[in-house]
Amino acid sequence: MDLSSFLQALIPSWNSAYLLLGFFAYLAIAGSIVLGKLVPGVVLADGTRLHYRCNGLVLLLLLVALLGISAKMDFVSPTAISERGFELLSTTFIFSFLVTLALYFAGCKSHSKSSSLKPHTTGNLIHDWWFGIQLNPHFMGIDLKFLFVRAGMMGWLLINLSVLAKSIQDGTLSKSMILFQIFCALYILDYFVHEEYMTSTWDIIAERLGFMLVFGDLVWIPFTFSIQGWWLLANEVKLTTTTIIANCPVFLIGYMVFRGANKQKHVFKKNPKAPIWGKPPKVIGGKLLASGYWGIARHCNYLGDLLLALSFSLPCGISIFYSFLQFTSSILLSNISSYSVDMEGEKGRISLCEEV
């Protein structure tokens, strides 16, 4: 694709806007109706806590089923997303920008004293717009931060499935594409099976909702995490059976470390006395978990995530492995060195406790 064609493809369209708005309308309406486990969030500074209806798995399966039936009845095209990839990218970016502006101005007008809605402004417009000024803004009773995270993860799967449908339609379906699709689908489904773990993450409990999070959830997650699928759609990669089998342990080990570390952190935040690997948890500074995976390294969950990302990328060809290995090594070395420095003094230990 030359530059002019690329720029032309980036122009937003009303069809893309309709797809995006329809997607959010479904999430908002169905999310309020469909039953699900009500999970209490962490206690906020003012002593209150939000509750989250974790029905994302049901919503996702229902949405995929509805889209599948609609495609079978020729109501929608299964390749609608893959044929409008760049359009949707630019449309979603604009949507994220406008939503963040609305959040900023609505937050500035808020007179609420609650921890969730109290505006925190610095006087720097760019800073406040980027990082947000409210912790948990709501719209018509819907927690927007939780909605956007859910939308990003579901959007990633919908993009992948549309790319898969396009490869089947074009007759280019390969083992590489199938392997990539299986790994991503398992990861996304697992996220919604354990959706309640999201309620104790730093994004939810501490980050205010500004452009950084909105863009990250709605644009970065679905449109960059699906890059391998787009690449495989345009490039043929032939994997041997041995290569496919060898890639599976990378995914499984990455999943085990990623899910295990995050589960331990979530359980510890809910019950600081819950045993980790059958033993009482070790704690530094009253808040920093130093048992289980968190006693092995500062951020084992990142290592698991990196291995999972590697398993998503290896189906694209072995040449990508070397650049990925170089990147992974630099990340691990920086984490090890910073962990050693932070453990030297009380001040470092406190900062670690606050981060976890």
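For reference, positions follow the sequence shown, starting with 1.
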Notebook entry, point to check: Are Thr240 and Thr242 close enough that a side-chain donor and a side-chain acceptor fall under 3.5 Å?
Noted result: no

Notebook entry, point to check: Which pair of non-hydrogen atoms, one from His138 and one from Leu50, has the smallest distance, and what is that distance?
Noted result: CE1-CD1, 4.2 Å

Note to self: Between Asn247 and Thr243 (side chain of the first, backbone of the second, donor and acceptor by atom type, cut-off under 3.5 Å), is there such a pair?
What the structure shows: no

Item checked: Ser13 and Ser16: side chain donor to acceptor below 3.5 Å -> yes

Note to self: So does Asn160 get a backbone contact from the side chain of Gln181, meaning a donor-acceptor N/O pair under 3.5 Å?
What the structure shows: yes

Check: Under the 3.5 angstrom rule, does the side chain of Arg49 hit a backbone N or O of Pro40 as a donor-acceptor pair?
Finding: no

Next item on the list: Please round to the nearest 0.5 Å and tell me the distance separating atom OG of Ser291 and atom CD1 of Ile296.
Entry: 10.5 Å

Next item on the list: Say whether, by atom type as modelled, one donor and one acceptor occur between the side chain of Ser162 and the main chain of Pro78 under 3.5 angstrom.
Entry: yes

Check: In Å, rounded to the nearest 0.5 Å, how long is the span from OG1 of Thr79 to CD of Gln169?
Finding: 4.5 Å

Check: Leu35 versus Asn55: any side-chain heavy-atom pair under 4.5 Å?
Finding: no

Item checked: Note, Phe24 side chain near Phe148 side chain (heavy atom, < 4.5 Å) -> yes

Next item on the list: Measure from the side-chain N and O atoms of Ser176 to the backbone N and O of Pro315, and report whether any donor-acceptor pair falls under 3.5 Å.
Entry: yes

Notebook entry, point to check: Which atoms form the tightest heavy-atom contact between Glu196 and Cys54, and what is the distance?
Noted result: CA-SG, 3.7 Å

Notebook entry, point to check: With a 4.5 Å limit on heavy-atom distance, are the side chains of Ile178 and Lys175 in contact?
Noted result: no

Check: Can you tell me how far the OG atom of Ser174 sits from the CG atom of Asn235, to the nearest 0.5 Å?
Finding: 10.0 Å

Taking distance alone, no hydrogens or angles, what donor-acceptor pairs closer than 3.5 Å link side-chain atoms of residues 58-71 to residues at least two apart or in another chain?
residue, atom, partner, partner atom, Å
Ser70, OG, Leu66, O, 2.8

Item checked: Single-linkage hydrophobic cluster, 4.5 Å side-chain cutoff, Ile142 and Phe192 together -> yes

Notebook entry, point to check: Quick one: are Asp143 and Leu147 in side-chain contact, heavy atoms under 4.5 Å?
Noted result: no

Item checked: Qualifying residues under side chain to side chain donor-acceptor pair (under 3.5 Å), relative to Tyr255, sequence neighbours excluded -> Asp190

Notebook entry, point to check: Could you state the interatomic distance from SG (Cys184) to CG (Leu157), rounded to the nearest 0.5 Å?
Noted result: 9.0 Å

Check: Can you check whether Leu103 reaches Val214 side chain to side chain, under 4.5 Å on heavy atoms?
Finding: yes

Check: Is a salt bridge present between Glu195 and Arg150, judged by a nitrogen-to-oxygen distance below 4.0 Å?
Finding: yes

Note to self: For residues Phe23 and Met140: do they belong to one hydrophobic cluster (side chain heavy atoms under 4.5 Å, members Ile, Leu, Val, Met, Phe, Trp, Tyr)?
What the structure shows: yes

Check: Does the side chain to side chain contact (heavy atoms under 4.5 Å, CB included) test come out yes or no for Glu83 and Lys166, once each step is laid out?
Finding: CA-CA 8 Å; Glu83 291 171 352; Lys166 180 66 174 174; 4.0 Å; yes

Notebook entry, point to check: Regarding Ser114 and Asp46, is there a side-chain donor-to-acceptor distance under 3.5 Å anywhere?
Noted result: no

Next item on the list: Would you confirm whether Ser110, through its side chain, and Ser112, through its main-chain N or O, come within 3.5 Å as a donor-acceptor pair?
Entry: yes

Notebook entry, point to check: Closest approach of Pro222 and Ile159, non-hydrogen atoms and distance?
Noted result: O-CD1, 3.5 Å

Next item on the list: Report yes if the side chains of Asn136 and Leu209 come closer than 4.5 Å at any heavy-atom pair, otherwise no.
Entry: no

Note to self: My understanding is that only one of Phe258, Phe183, Phe180 makes a ring-ring contact (aromatic ring centres under 6.0 Å, His included) with Phe251; could you say which?
What the structure shows: Phe183

Notebook entry, point to check: Trp230 and Tyr187: same hydrophobic cluster, using ILVMFWY side-chain contacts below 4.5 Å?
Noted result: yes

Next item on the list: Look only at the side chain of Ser200 and the backbone of His266, and say whether a donor-acceptor pair between them is shorter than 3.5 Å.
Entry: no

Checklist line | Min side-chain heavy-atom separation Ile168-Leu164 under 4.5 Å | finding: yes

Item checked: Met212 vs Thr100 side-chain heavy atoms within contact, under 4.5 Å -> no

Next item on the list: Please confirm whether Trp129 and Phe97 have ring centers closer than 6.0 angstrom.
Entry: yes

Notebook entry, point to check: Would Leu38 and Tyr52 satisfy side chain to side chain contact (heavy atoms under 4.5 Å, CB included), going step by step from the backbone distance to the final call?
Noted result: CA-CA 5 Å; Leu38 202 60; Tyr52 301 89; over 6 Å; no

Next item on the list: Report the distance from atom SG of Cys300 to atom CE of Met256, rounding to the nearest 0.5 Å.
Entry: 10.0 Å

Review item, side-chain donor-acceptor pairs of residues 273-283, under 3.5 Å, at least two apart:
none

Item checked: Asn301 side-chain N/O to Ala261 backbone N/O, donor-acceptor pair under 3.5 Å -> no

Notebook entry, point to check: Leu232 and Cys316: side chain to side chain contact (heavy atoms under 4.5 Å, CB included), yes or no, with the steps?
Noted result: CA-CA 7 Å; Leu232 289 170; Cys316 296; 4.0 Å; yes

Notebook entry, point to check: Quick one: are the ring centres of Tyr191 and Tyr197 less than 6.0 Å apart?
Noted result: no

Item checked: Polar side-chain atom of Glu207 near backbone of Leu135 as donor-acceptor pair, under 3.5 Å -> no

Item checked: Where Gly254 and Leu308 come nearest, the two heavy atoms and their spacing -> C-CG, 3.8 Å

Note to self: Please find the pair of heavy atoms, one from Val42 and one from Ile205, that lie closest to each other, and give the distance.
What the structure shows: CG2-CG2, 3.3 Å

Margin query: Please evaluate residues His194 and Lys263 with respect to the criterion side chain to side chain contact (heavy atoms under 4.5 Å, CB included), reporting the C-alpha separation (whole Å), side-chain torsions for both, the decisive distance (0.1 Å), and the verdict.
Written below: CA-CA 9 Å; His194 299 96; Lys263 181 178 181 179; 5.9 Å; no

Note to self: Would a single hydrophobic cluster contain both Val39 and Val267, if residues Ile, Leu, Val, Met, Phe, Trp and Tyr are joined by side-chain heavy-atom contacts under 4.5 Å?
What the structure shows: no

Notebook entry, point to check: Angle class for the Trp156/Phe225 ring planes (parallel below 30°, perpendicular above 60°, tilted otherwise)?
Noted result: perpendicular

Next item on the list: Could you grab the distance from atom SG of Cys248 to atom CD1 of Ile182, nearest 0.5 Å is fine?
Entry: 8.5 Å

Check: Side-chain heavy atoms under 4.5 angstrom apart, residues restricted to Ile, Leu, Val, Met, Phe, Trp, Tyr: same cluster for Phe211 and Ile94?
Finding: yes

Item checked: Residue pair Asp128, Thr121: steps toward the side-chain hydrogen bond (donor to acceptor under 3.5 Å, both in side chains) verdict -> CA-CA 6 Å; Asp128 293 341; Thr121 57; 4.9 Å; no

Check: Would a distance-only check, ignoring hydrogens and angles, find a side-chain to backbone donor-acceptor pair under 3.5 Å from Gln264 to Gly292?
Finding: no

Check: Between Gly229 and Met177, what is the shortest heavy-atom contact and its length?
Finding: O-CE, 3.5 Å

